[in-house]
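Atom set for the values below is all heavy atoms of this structure, side chains included, hydrogens, waters and symmetry mates excluded. A, B, ... follow the sequence lines: proteins, then strands. Residue 1 opens every chain.
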Amino acid sequence: MNTRSLRSASTDTDTIQPAHLFKARVKENIKVSGRFYILKATPETGFFVPAPLPGQFFMLGLDRRKDPLLKRPFCYFRVRDGALEILYRIVGKATFLMRELREGDRVEVLGPLGNPYPLPGWGKHKKPLVVAGGVGIASVFPLLEALKGKAVLFYGGRSRDELVLTDELQGMTSELHLASDDGSAGFKGAVTDVLADYFKDKKKSDFIIYACGPNGMLKAVCGMGLRGYISSEEKMACGIGVCLGCAIKTRSGFKRTCKEGPVFDMDEVVFE
Amino acid sequence: MNTRSLRSASTDTDTIQPAHLFKARVKENIKVSGRFYILKATPETGFFVPAPLPGQFFMLGLDRRKDPLLKRPFCYFRVRDGALEILYRIVGKATFLMRELREGDRVEVLGPLGNPYPLPGWGKHKKPLVVAGGVGIASVFPLLEALKGKAVLFYGGRSRDELVLTDELQGMTSELHLASDDGSAGFKGAVTDVLADYFKDKKKSDFIIYACGPNGMLKAVCGMGLRGYISSEEKMACGIGVCLGCAIKTRSGFKRTCKEGPVFDMDEVVFE
Amino acid sequence: MRSSLNKKNLEVKIGGMRLKNPIMTASGTAGYGEELSAFYDISRLGAIVLKGISLKPWQGNPPPRITETPCGMINSIGLQNVGLKTFLKEKLPFVKKKSDVPVIANILGNTTGEYAKLARSLDGEVEGIEINVSCPNVKKGGMAFGLDKKAFGKLVGRVRGDIKKSVMIVKLSPGAQDIAEFALAAQEEGADAVSLINTIPAMAIDINTRRPLIKNVIGGLSGPAIKPIALRMVYQAARAVKIPVIGMGGITTGQDAVEFILAGATAVAVGTATFINPSAPLEVLEGIEAYMSIHGVKGVAELIGGAVTGCS
Amino acid sequence: MRSSLNKKNLEVKIGGMRLKNPIMTASGTAGYGEELSAFYDISRLGAIVLKGISLKPWQGNPPPRITETPCGMINSIGLQNVGLKTFLKEKLPFVKKKSDVPVIANILGNTTGEYAKLARSLDGEVEGIEINVSCPNVKKGGMAFGLDKKAFGKLVGRVRGDIKKSVMIVKLSPGAQDIAEFALAAQEEGADAVSLINTIPAMAIDINTRRPLIKNVIGGLSGPAIKPIALRMVYQAARAVKIPVIGMGGITTGQDAVEFILAGATAVAVGTATFINPSAPLEVLEGIEAYMSIHGVKGVAELIGGAVTGCS
Ligand SMILES: Cc1cc2nc3c(=O)[nH]c(=O)nc-3n(C[C@H](O)[C@H](O)[C@H](O)COP(=O)(O)OP(=O)(O)OC[C@H]3O[C@@H](n4cnc5c(N)ncnc54)[C@H](O)[C@@H]3O)c2cc1C
Ligand SMILES: Cc1cc2nc3c(=O)[nH]c(=O)nc-3n(C[C@H](O)[C@H](O)[C@H](O)COP(=O)(O)OP(=O)(O)OC[C@H]3O[C@@H](n4cnc5c(N)ncnc54)[C@H](O)[C@@H]3O)c2cc1C
Ligand SMILES: Cc1cc2nc3c(=O)[nH]c(=O)nc-3n(C[C@H](O)[C@H](O)[C@H](O)COP(=O)(O)O)c2cc1C
Ligand SMILES: Cc1cc2nc3c(=O)[nH]c(=O)nc-3n(C[C@H](O)[C@H](O)[C@H](O)COP(=O)(O)O)c2cc1C
Ligand code: FES
Ligand code: FES
């Protein structure tokens with residue numbers, strides 16, 4: 001089956017070492033724009049075991065206070081100068097409190113967790129095409145780095161404010177297509193419309209797609225007859241596969257986003 | 001009755017204005033010694049309504065997170081340079097977290113609450129005698145200031161480490177008697193032993209006593225046939241008299257520590 | 001000002017009682033209104049529910065009476081109260097003077113007869129009478145009635161006859177195995193409304209002294225910790241009955257209150273939150289108004305029972 | 001090293017099962033031991049309780065299945081599990097290979113017959129069988145048995161006959177009006193131990209979409225929020241029965257565990273805390289050891305039921 005052949009071209013997930021729970025010290029916590037922030041935290045051990053891969057995620061806990069109770073999942077965004085960086089958007093209880101973290105504060109991190117994006121087999125001559133919606137950009141950021149500037153990026157958000165790091169992204173991609181709901185940056189409308197337009201004169205099978213963003217966007221991307229991977233978001237309790245809370249519907253029944261995902265083959269996921 | 005006459009010489013508590021809930025910014029949070037810290041926080045309004053009096057207390061909340069849920073009671077210790085100062089000892093959940101407060105953090109404060117120490121009628125020629133155990137020193141600190149150096153202070157704690165601000169206290173009292181459980185400062189033993197010794201050659205009715213400290217100490221002081229006031233500690237939920245959680249047994253039934261107290265006439269309280 | 005630009009109808013009805021908004025105090029968390037009126041104008045509430053009273057004054061349980069737990073607290077006040085006589089002579093006149101909104105008395109007896117006598121004496125004196133059959137902190141009466149369906153039905157039926165002018169509310173026990181059954185029984189016996197939930201029996205131990213942190217060993221759990229349980233029970237009760245449901249249990253914000261209203265509550269009560277902030281009921285009210293503004297909701301009535309749960 | 005200087009006896013007995021310490025995983029929070037064994041040596045536990053299984057594989061409930069609440073979480077997994085066959089063929093061998101401590105299977109059926117069949121197939125294959133009659137997340141079976149005393153007694157009695165070699169544990173429902181009654185009924189029908197509490201039915205609503213945050217509308221509340229309720233029920237159950245009680249509900253620290261043991265639990269299970277920290281059960285164990293060192297307690301047995309509650 002094709003799915004399997006794509007998978008086999010990928011990083012072998014069986015060799016990924018178990019994740020670790022570690023404490024980290026906040027180095028910086030800066031506002032990027034609008035409701036987007038970057039948190040930088042250095043593991044107290046000084047290193048990561050194992051090194052995170054694009055598409056993986058970490059569970060982040062503010063402290064051991066019981067409200068919020070559970071850790072929250074955040075994509076591996078990047079590591080710089082020994083610090084783990086997380087790009088996050090304020091949406092609720094935990095992210096609101098994250099904003100208040102300051103240099104020297106301690107956080108507790110579990111990870112890296114989950115399966116990374118399978119990289120295209122380099123001999124295969126498939127053009128990588130990345131689609132990101134909203135904070136989904138965090139997930140594909142290290143992927144773009146791994147793809148070494150070869151990818152075309154389609155990036156959509158609510159407004160200019162919510163399209164972050166665009167200058168940097170420009171330099172990391174072969175083409176950058178922006179879209180915003182209010183038209184304040186790039187195309188006015190859904191990023192998937194830009195994508196559909198892009199394929200008007202192209203052969204879909206020449207491409208391999210990577211997508212991360214809200215469910216609506218993922219559903220649209222998966223409905224376009226393309227091949228590739230999506231990274232899905234589902235609420236998580238444990239992040240390590242023991243609670244079965246993060247179930248996502250697939251052709252072969254419910255799968256755990258944290259363990260069998262968060263990266264799934266586009267063909268696998270069933271959207272309702 | 002004598003009780004009433006003592007009371008009537010005191011500040012008229014009926015004229016005390018209602019307390020207020022206010023936000024304050026942490027200015028400093030410093031370790032004094034051992035498990036003792038001083039928190040300084042400036043009300044965002046810049047002032048207190050009404051001005052706190054010796055013996056009153058504030059309810060302090062770290063933030064609106066729900067764990068810890070309730071505010072905690074702390075004595076009015078002093079106000080300096082517009083900042084409310086609280087002398088606190090790390091004992092559990094909330095005080096442990098208080099230790100982590102840093103400049104700029106916001107806290108929520110309700111108060112001043114409760115009844116102050118009635119000051120002795122100045123014409124009465126009663127010598128004020130103050131007994132403090134442990135963190136009870138916070139409560140009597142502003143009282144000593146109000147007594148303008150005239151009071152004799154008996155101050156007991158576990159060890160030298162737990163007897164704080166002794167230099168300052170020296171200057172605020174006519175006599176300072178220290179006691180510690182381990183003998184590392186002052187008399188080795190209970191502060192009430194020092195007090196009993198003091199009265200060996202004195203007429204008890206020449207004195208008016210003020211005491212604040214652990215229940216065991218208060219019970220001992222109340223059993224010595226002296227006249228005066230104690231400030232009692234009971235767990236509190238609301239601090240304003242609506243929950244009835246802080247009941248303390250008195251000769252006339254249960255009374256609310258937060259509303260009828262925390263300062264009670266020594267004769268009133270029934271220890272079990 | 002906002003309300004004049006964007007007029008919202010916050011009014012709700014509980015039996016014959018019109019509340020200008022759906023926010024009440026929860027019994028036992030607002031005293032008799034005296035202390036709170038130093039913090040805000042209690043006339044801004046939809047209704048004021050007073051501390052439970054009994055025929056004779058009760059001295060309550062020995063301390064310690066309260067302890068904090070994760071996101072909650074346990075209390076065992078034991079219904080310390082001034083008794084009916086002082087209530088009528090001193091407490092009620094005060095709260096009536098301080099406010100012009102409906103006053104609801106909360107009553108608790110050891111026997112059906114005591115409940116009946118309390119009800120008769122209060123009928124017409126207060127706008128509403130809340131029958132507390134769910135207090136976990138008194139030995140006799142209280143919860144016994146709330147957990148025995150026969151005794152419950154009999155009590156409600158009997159007291160119903162004694163309440164002719166006031167609105168009759170029955171406060172249900174969360175200990176009931178099937179809350180809908182009790183809500184239905186209250187409706188059948190003629191109650192005008194049910195309120196829920198009271199505190200949930202709970203315990204905490206000081207591991208250093210090995211003694212319970214509540215002198216009476218078991219007390220009642222309240223606060224945000226119980227909110228998800230309370231919300232479920234309000235949902236179940238509201239689906240079972242036609243009479244209004246008053247929801248409570250861990251409400252600290254307007255969002256919490258909206259959840260209860262969507263689950264089927266006509267009005268909500270704010271309890272433990274008042275201990276953190278005396279003006280919590282007003283903050284909750286403002287939160288509901290803000291929610292209505294954002295979502296273009298014109299009247300609270302539109303929200304009652306509005307949770308979309310059909311399709312599961 | 002500390003343990004050699006200051007030898008402590010952590011051993012406890014549940015029926016014929018010897019646990020080297022009183023810490024278990026709570027069913028459904030440790031999978032089948034596979035994932036956790038990547039984090040720590042699961043042989044350090046007193047016993048491993050596995051995710052509930054049914055005769056046939058169940059796909060579980062549709063998402064969203066979990067939501068956080070104040071100091072707690074609601075889940076509605078709906079017993080997604082691989083079924084008895086795969087359990088015996090794949091899951092059980094793995095956990096037995098990875099550890100040398102007692103393994104406890106947790107079973108759930110739609111009918112008495114299904115429970116009996118599961119029990120027969122597992123008898124002797126695992127050290128303990130925990131009969132789950134308290135799952136709030138499955139339509140049939142589950143909680144129905146846990147709340148109907150007759151059906152409960154019959155089920156326990158029937159399944160008792162099918163468990164000859166393993167230790168039989170009955171997991172009680174916190175929905176029971178009188179938990180002591182059910183604990184007693186389990187004892188009378190021959191259960192070797194009871195465990196409690198399972199999650200408490202609860203609900204949360206997304207006020208923006210007006211939909212329940214759990215697709216199945218009602219799920220089960222777990223975590224620190226329910227600890228005071230769980231502790232009270234363990235206390236009540238332990239006073240009612242002679243068989244060992246396994247306590248759970250919101251345990252996140254050694255202190256919490258000591259509270260349960262003082263309330264009468266012989267062993268404790270760590271559930272939701274594992275989601276915050278995979279090694280939580282070991283941290284709890286270390287916390288108990290530290291407590292014993294500080295208080296000069298030589299054996300866990302000294303602590304069981306040691307709360308001083310007589311004098312109230
Ligand atoms: C694998 C994975 C990777 C993620 N990576 C990132 C990232 O890099 N940066 C980032 O900002 N966010 C990321 N998220 C989403 C992030 O986990 C949520 O925003 C966060 O948990 C919200 O916590 P909160 O307490 O602030 O919000 P809550 O108060 O819990 O909820 C606020 C709102 O957010 C929704 N929400 C909560 N949790 C999730 C979730 N897990 N997925 C989707 N919606 C949710 C709620 O339904 C609600 O509408 C990721 C999620 C997953 C599953
Ligand atoms: C009127 C009044 C004034 C006070 N003034 C001060 C002060 O100026 N400085 C100061 O450090 N402390 C003061 N206290 C005590 C202080 O309120 C408690 O130390 C604090 O609430 C403990 O909170 P926690 O969450 O850290 O401890 P918890 O985790 O709640 O408890 C830890 C331990 O402290 C005990 N404890 C908790 N609350 C109280 C209480 N209210 N009274 C006595 N013991 C308690 C508990 O039983 C337990 O043993 C005062 C208490 C009262 C009633
Ligand atoms: C300290 C305290 C005292 C209470 N007293 C009463 C009472 O007298 N009568 C009553 O019906 N309920 C009483 N309750 C229960 C509350 O009215 C309410 O039902 C419960 O606390 C849940 O709401 P909450 O979580 O918002 O506090 C009391 C609750 C607390 C915390
Ligand atoms: C996600 C989840 C799944 C659960 N699955 C089961 C189960 O399969 N069988 C069972 O008996 N209990 C199950 N439980 C209940 C737990 O075993 C435990 O009784 C409950 O969660 C209380 O403990 P805690 O607060 O430590 O989590 C589950 C709990 C959670 C949170
Ligand atoms: S989050 Fe627990 S199994 Fe995925
Ligand atoms: S603390 Fe609530 S009445 Fe005193």
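Of the two parts of C:Asp256, neither the backbone nor the side chain holds a non-hydrogen atom closer than 4.5 Å to a non-hydrogen atom of chain D. D:Asn208 touches chain C through backbone and side chain together, each having a heavy atom under 4.5 Å away. The parts of D:Ile207 that come within reach of chain C are both its backbone and its side chain, each placing non-hydrogen atoms under 4.5 angstrom from that chain. Of the two parts of D:Ala230, neither the backbone nor the side chain holds a non-hydrogen atom closer than 4.5 Å to a non-hydrogen atom of chain C.
Of all the heavy atoms in D:Thr209 and C:Val308, the pair that sits closest is O-CG2, 4.3 Å. Annotation for D:Ala202 and C:Ile229: closest pair CB-N, 4.0 Å, computed over non-hydrogen atoms.
Residue D:Lys227 holds its NZ atom at 12.0 Å from SG of C:Cys71, rounded to the nearest 0.5 Å. Once rounded to the nearest 0.5 Å, the distance linking CE of D:Met233 with CE of C:Met203 reads 13.0 Å. Residue D:Asp148 holds its CG atom at 8.5 Å from CD of C:Gln177, rounded to the nearest 0.5 Å.
Residue pairs meeting the ring-ring contact (aromatic ring centres under 6.0 Å, His included) criterion with at least one member in residues 280-305 of chain C, sequence neighbours excluded: C:Tyr291-C:His295.
In terms of heavy-atom pairs under 4.5 angstrom with chain D, the leader among C:Leu231, C:Val234, C:Thr252 is C:Leu231. With chain C as the partner, the residue from D:Gly306, D:Ala225, D:Pro70, D:Pro228 showing the most heavy-atom pairs under 4.5 Å is D:Pro228. Your options are D:Ile205, D:Thr67, D:Asp178, D:Ile294, and the one with the most heavy-atom pairs under 4.5 Å with chain C is D:Ile205.
C:Ile218 is listed as a side-chain neighbour of D:Gln236, based on a closest heavy-atom distance under 4.5 Å. Taking the side chain as every heavy atom from C-beta outward, C:Leu303 and D:Arg210 approach each other to under 4.5 Å. Contact annotation: the side chain of C:Tyr235 approaches that of D:Val217 to within less than 4.5 Å [non-hydrogen atoms, C-beta and beyond].
Proximity of a side-chain donor or acceptor of D:Arg232 to a complementary backbone N or O of C:Pro201 within less than 3.5 Å is detected.
With sequence neighbours left out, D:Ala257 forms a side-chain contact (heavy atoms from CB on, under 4.5 Å) with D:Ile251, D:Val268, D:Val284, D:Ile288.
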